[in-house]
Visitor: 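If you scroll down you'll find the structure; I have some questions about it.
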Number of protein chains: 2
Amino acid sequence: MTETTPPADTPLPVIGVRTTRQRQAILAALTGRNHPMTAQAVHAALTGTGHRIGLSTVYRALHRLAEVGLLHVFDVGGERAYRRCPDTPHQHLLCDDCGLVTECPPQLVEAWLRELREATGFTPHPDRIDLHGHCAACPATPRSP
Amino acid sequence: MTETTPPADTPLPVIGVRTTRQRQAILAALTGRNHPMTAQAVHAALTGTGHRIGLSTVYRALHRLAEVGLLHVFDVGGERAYRRCPDTPHQHLLCDDCGLVTECPPQLVEAWLRELREATGFTPHPDRIDLHGHCAACPATPRSP
DNA sequence: CTCCGTGCAAAGCATTTGCATCCAT
DNA sequence: ATGGATGCAAATGCTTTGCACGGAG
């Protein structure tokens with residue numbers, strides 16, 4: 001009977017965030033994608049599919065949606081990219097080759113994070129673990145012939 | 001008798017990279033620092049201490065020095081920051097509070113990375129592991145009262 | 001002697017902001 | 001009705017680039 005652990009497919013409304021046509025369009029564009037998108041990319045995608053939305057609106061909306069936890073922010077080559085993420089704690093595996101983002105099974109990480117903290121005194125933030133590397137589909141060869 | 005594992009305090013020369021007054025100044029400013037610096041910060045620091053150097057030179061030099069492995073690049077709040085790093089493989093522990101960067105004992109990570117790869121098919125890049133969190137000196141409280 | 005590196009200024013781009021209007025609650 | 005959200009355009013700020021000169025190898 002509480003509002004904790006909402007189902008992963010409940011985009012909006014969220015307390016304090018208004019449901020607008022634009023925000024729903026942004027979430028729709030992002031949902032189901034495993035490659036994070038930049039603000040520019042989102043704007044281009046929406047504009048390209050006939051949506052009418054201002055660029056600054058995209059920036060502001062992405063900000064806000066990330067702030068309330070609906071989106072996660074990534075650093076892709078110095079630019080900020082966003083991805084629709086589950087509301088439950090998880091880590092990210094980032095393919096430097098194709099940009100694919102997958103989620104890491106939490107229990108696989110948590111034990112190790114604890115171990116790390118005990119050994120170093122450093123307390124890792126479980127929700128901000130982004131591991132760079134190569135996904136299964138992109139073997140060691142960065143540029144294929 | 002080989003040129004592998006050069007001492008960590010051998011800034012320049014490096015093959016293909018010329019030793020100039022400006023680059024030495026940049027490396028000097030970065031050496032011994034555990035907080036990565038942005039190009040702007042490096043430029044301000046050098047200018048402030050009487051050095052004569054162009055901003056674009058700083059950008060180009062940081063690029064180049066990172067390219068040859070003398071510096072490591074960090075994403076600090078969307079900006080690129082640079083840090084003098086040991087030439088041996090290592091991981092980074094990034095304090096989101098004070099910005100301190102420490103190195104993680106490699107053996108503490110490598111076993112886990114292997115485990116992760118076997119479980120997920122994802123191959124992490126050992127040299128690009130940046131773990132965000134709080135250092136021992138910055139306890140859980142982000143903003144103190 | 002040759003080229004890489006440098007400086008300066010201009011250009012490029014992603015992102016932010018001011019302000020009037022609009023609409024979700 | 002009220003305040004958050006939007007759109008447009010201008011502004012901001014980091015980063016890159018063109019070009020001529022200077023210095024390292």
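Each chain gets a letter, A, B and so on, in the order the sequences are listed, and its residues count up from 1.
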Visitor: Would you please name every residue forming a ring-ring contact (aromatic ring centres under 6.0 Å, His included) with B:His43, sequence neighbours left out?
Guide: none

Visitor: Is the distance from OP1 or OP2 of D:dA5 to the nearest side-chain N or O of A:Arg23 less than 4.0 Å?
Guide: yes

Visitor: Between C:dT15 atom P and B:Asp75 atom CG, what is the distance in whole Å?
Guide: 12 Å

Visitor: What is the distance, rounded to the nearest whole Å, between atom CZ of A:Arg18 and atom P of D:dT2?
Guide: 13 Å

Visitor: Starting from C1' on D:dA5, measure out to CZ on A:Arg21 and report it in whole angstrom.
Guide: 11 Å

Visitor: Output the rounded distance in Å from CD (A:Gln22) to P (D:dA5).
Guide: 11 Å

Visitor: Which residues in residues 40-55 of chain A have at least one heavy atom lying under 4.0 Å from any atom of DNA chain C?
Guide: A:Gln40, A:Leu55

Visitor: Kindly calculate the angle separating the two end axes of the helix from C:dC1-D:dG25 to C:dT25-D:dA1, each obtained from five base pairs, and round it to 10 degrees.
Guide: 50°

Visitor: Whole angstroms only, please: what is the NE2-P distance between B:His63 and D:dT16?
Guide: 4 Å

Visitor: How long is the line joining CD of B:Gln24 and P of C:dG5, in whole Å?
Guide: 14 Å

Visitor: Tell me the interatomic distance from A:Tyr59, atom OH, to D:dT12, atom P, rounded to whole angstroms.
Guide: 18 Å

Visitor: Measure from CZ on B:Arg80 to P on C:dA14 and round the result to the nearest Å.
Guide: 13 Å

